[in-house]
J.: 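Structure in structure tokens, see below.
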Amino acid sequence: MFEIVDKKVLNSSVTSLTIKAPFIAKKAKAGQFLIVKADETGERIPLTISDFDSSAGTVTIVIQAVGFTTKKLVRMNCGDYLADVAGPLGLPTEFGNPKKAIIIGGGVGCAIAYPQAKTLHNMGVDVTVIAGFRSKDIVILEDEMKKVSNNLYITTDDGSYGEKGLVTDVLKCLLNKGGYDLVIAIGPVIMMKFVALTTKPYSVKTIVSLNPIMIDGTGMCGGCRVNVGGETKFACVDGPDFDGHLVDFDELMRRNMLFREEEAHACRLEENSNG
Amino acid sequence: MADMTPQKTKMPEQEPQIRNKNFEEVALGYTKEMAIKEAGRCLNCKNKPCVSGCPVNVRIPDFIACVAKGDFEEAYNIITTTNALPAVCGRVCPQENQCEGKCVRGIKGESVGIGRLERFVADYHREHGKAIEVNIKPNGKKVAVVGAGPAGLTCAGDLARKGYDVTVFEAFHTAGGVLIYGIPEFRLPKSVVAAEVENLKNLGVKIMTDMVIGKVLTINELIDMGFDAVFVGSGAGLPAFMGIEGENALGVYSANEILTRINLMKAYKSEYDTPIKVMKKVAIIGGGNVAMDAARCAKRLGADVYVIYRRSENEMPARREEVHHAKEEGINFKFLTNPTRILSDENFYVTGIECVNMQLGEPDESGRRKPEKIDGSEHILDVDSVIMALGTGPNPLILKTATDISTNKRGCIIVNEDMQTSKENVYAGGDSVSGAATVISAMGAGKRAATAIDNKIKMSK
């Protein structure tokens with residue numbers, strides 16, 4: 001059993017939970033993920049580690065309530081216990097030795113992009129963060145991201161805050177100025193796809209963090225297989241980070257749709273039981 | 001004088017057309033009377049060929065003699081001196097290749113139903129027996145076991161009985177390994193596995209779940225934590241795919257994924273959250289026990305099921321009883337057939353599988369006749385799901401952070417006759433050493449490792 005020791009509501013659908021998990025906290029590195037099972041009858045879902053504190057023995061995950069289990073998780077409170085938390089799984093992000101990096105977060109992906117920016121910032125890298133949201137009301141972690149970057153650009157689809165447009169619009173302007181040697185993109189698959197397409201002509205190393213369906217997170221089920229450079233990889237053990245220029249994003253988007261109907265069904269059940 | 005009836009006492013079973021719609025156990029087990037009758041068929045041979053056929057050398061004629069007398073508790077005591085998981089073995093061992101394969105009664109007629117009797121004794125004890133008093137003297141030595149599957153649990157049990165302080169580290173949230181995630185409820189009820197795990201806890205074995213060794217702790221860190229020896233029984237969890245066109249389409253799964261969703265996560269029960277896709281017509285690729293388990297699970301979820309196997313029925317590695325049960329339940333078999341391509345619609349959902357017919361050529365390195373493609377025999381089977389049950393390889397996760405443990409080219413850990421790896425005080429056994437094999441051979445390996453660990457630690461005192 002793993003105690004929730006802190007809970008922060010970041011916006012109407014995004015919540016961060018900090019969990020007591022001393023063994024995991026000691027080993028966690030940026031880019032790795034946890035498998036979380038809320039209760040006895042719960043499903044196992046992968047969630048990227050957004051922060052960790054080895055001395056306090058805690059790890060933090062940020063959850064967007066979109067499906068049955070994520071809605072269950074955000075209803076939990078400080079002092080509640082998660083039945084199971086396993087990790088840290090996957091390979092840590094391999095940053096290399098960049099000089100000037102662009103970190104792109106899309107929506108809830110900013111919660112994962114933030115520790116990446118923080119790590120690079122602490123390494124002395126010149127960090128620019130581009131954070132994209134639908135609208136002003138769901139902007140998260142603005143102050144935190146400001147602290148760990150040399151420049152922060154916020155974009156909104158509707159122009160209600162920051163620059164109106166997509167993260168790729170800002171990205172293109174920056175790449176045209178030149179000097180960047182690393183781009184990390186974390187967010188919706190469609191965003192990562194277009195980031196990779198944007199950086200490709202500039203030949204800038206582009207890392208994406210993938211989030212396919214998985215059960216065990218240790219290489220056993222093969223549900224998370226993704227096509228990278230024509231080869232099948234298991235995101236849980238070979239990733240979750242991959243070279244964005246090699247990932248077949250279209251296949252990943254289709255594979256992530258697999259349980260959409262079952263998920264919709266589970267949501268209806270939940271709404272019914274809530275009256 | 002032994003009962004010379006040539007056939008085994010029949011095991012009561014659920015009717016095929018009823019059981020193929022539920023997940024309850026198929027074989028219902030002997031009654032006392034049936035067990036005593038079957039035990040009467042044992043000749044109590046002097047040279048005991050059955051015992052030599054058992055990877056953990058259960059004293060078979062001795063326990064059967066107790067069953068014949070109606071002394072079921074004594075029979076249990078005899079079995080458990082060498083076998084820590086009798087209720088499991090009685091259900092899932094391939095007895096026809098082991099103890100029963102060597103039984104003298106099998107020469108003219110059917111062998112004694114050793115597996116059925118073992119199961120009866122274990123079940124009788126679980127339902128009626130008293131908890132066995134444990135009187136273990138701790139020896140102050142600590143052993144870590146990685147993986148709570150058949151190899152690890154056996155090793156842990158044997159060492160605990162010898163006085164060791166044993167901690168088992170399990171990556172999943174439930175102990176049992178393949179007994180929990182792989183073998184379905186209708187073949188091995190999970191309550192049976194849980195009871196065997198409880199027996200080990202009563203011996204003082206500690207089980208830590210959610211601990212992915214290789215990630216959260218390395219083997220070296222376990223040694224630094226004060227464990228005098230480490231046993232690695234991490235199994236063969238890495239599923240193989242064919243590498244054919246369309247394999248990443250929606251509706252193509254590894255058998256591991258389907259079985260884990262059903263067995264570990266209980267996706268077939270409405271009160272559990274894990275989803276499973278409705279499958280109307282499914283092709284299972286492979287001919288082993290895992291293929292049979294996946295096929296019978298899919299059938300129970302309401303699908304029309306085809307098992308596609310590239311060799312003929314004679315070469316199938318699955319236990320005979322599983323194939324027989326599968327056929328009774330209405331599973332269709334397409335032998336000498338091999339998939340070449342998976343077809344899908346514009347949304348990437350599986351619509352069919354293209355196969356070719358095969359014929360058997362000369363024997364290959366496995367001794368089985370090699371299947372060869374018949375040109376021009378391509379044909380399409382309409383299915384909406386494909387489950388790959390092609391075998392599994394050892395899970396490389398632990399070894400990535402323990403590079404001083406040597407492996408062969410198939411990724412299997414190399415051990416000597418004492419199950420010791422290339423790293424001092426680290427032992428290994430089960431599927432992580434042999435590649436995918438049987439529950440009982442993994443248990444045999446766990447047992448040998450426990451003996452070797454005990455000898456080594458005693459010597460170094």
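In what follows, chains are A, B, ... by sequence order, proteins preceding strands, each numbered from 1.
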J.: Do A:Arg255 and B:Leu250 come close enough that some side-chain heavy atom pair is under 4.5 Å?
T.: yes
J.: Less than 4.5 Å to any heavy atom of chain A: does that hold for the side chain of B:Ile276, its backbone, both, or neither?
T.: backbone
J.: Salt bridge or not between A:Lys27 and B:Glu221? Use side-chain N to carboxylate O under 4.0 Å.
T.: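 Salt bridge: yes.
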J.: Are there residues of residues 384-393 of chain B that reach to under 4.5 Å of chain A by heavy atoms, and which ones?
T.: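 Listed by number: none.
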J.: Without hydrogens or angle criteria, can the side chains of A:Arg225 and B:Asn248 be said to hold a donor-acceptor pair below 3.5 Å?
T.: yes
J.: By a 4.5 Å heavy-atom criterion (distance strictly below it), what part of A:Ala28 contacts chain B: side chain, backbone, both, or neither?
T.: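 Nothing of A:Ala28, per the 4.5 Å heavy-atom cut-off to chain B.
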J.: To the nearest 0.5 angstrom, please state how far the CG atom of B:Leu264 sits from the SG atom of A:Cys221.
T.: 11.0 Å
J.: Measure the CD-OG1 distance between A:Glu40 and B:Thr174 for me, rounded to the nearest 0.5 Å.
T.: 7.0 Å
J.: Given heavy-atom pairs under 4.5 angstrom as the criterion, report whether the side chain, backbone, both or neither of A:Leu34 touches chain B.
T.: neither
J.: Which one, A:Ile35, A:Ile45, A:Thr41, leads in non-hydrogen pairs under 4.5 Å with chain B?
T.: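 Option with the top pair count is A:Thr41.
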J.: Can you say whether B:Thr218 sits under 4.5 Å from chain A via the side chain, the backbone, both, or neither, judging by heavy atoms?
T.: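 Interface part for B:Thr218: both.
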J.: Out of A:Glu251, A:Lys26, A:Met257, A:Arg44, which one racks up the most heavy-atom pairs below 4.5 Å with chain B?
T.: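 Highest number of pairs under 4.5 Å: A:Arg44.
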J.: Which region of A:Thr232, side chain (C-beta onward) or backbone (N, CA, C, O), has a non-hydrogen atom less than 4.5 Å from a non-hydrogen atom of chain B, or is it both or neither?
T.: side chain
J.: So A:Glu43 and B:Tyr272, do their side chains get closer than 4.5 Å, heavy atoms only?
T.: no
J.: Okay, side chain of B:Asn395, backbone of A:Thr218: is any donor-acceptor separation there less than 3.5 Å?
T.: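 Yes; at least one donor-acceptor contact below 3.5 Å.
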J.: Measure distances from A:Ile215 to the heavy atoms of chain B and classify the residue's part below 4.5 Å as side chain, backbone, both or neither.
T.: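 For A:Ile215, the side chain is the part near chain B, not the backbone.
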J.: With heavy-atom distances below 4.5 Å as the criterion, would you say the side chains of A:Asp216 and B:Thr260 are in contact?
T.: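 Side-chain contact under 4.5 Å: no.
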J.: Less than 4.0 Å between a side-chain N and a carboxylate O, is that true for B:Asp210 and A:Lys37?
T.: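 Looking at B:Asp210 together with A:Lys37, the answer is no, because their closest N to O distance does not fall below 4.0 Å.
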J.: Give a yes or no answer on whether the side chain of B:Lys215 reaches the backbone of A:Ile24 with a donor-acceptor pair at less than 3.5 Å.
T.: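 Not confirmed, B:Lys215 side chain does not pair with A:Ile24 backbone.
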J.: Heavy atoms under 4.5 Å from chain B: which residues of residues 49-61 of chain A carry them?
T.: none
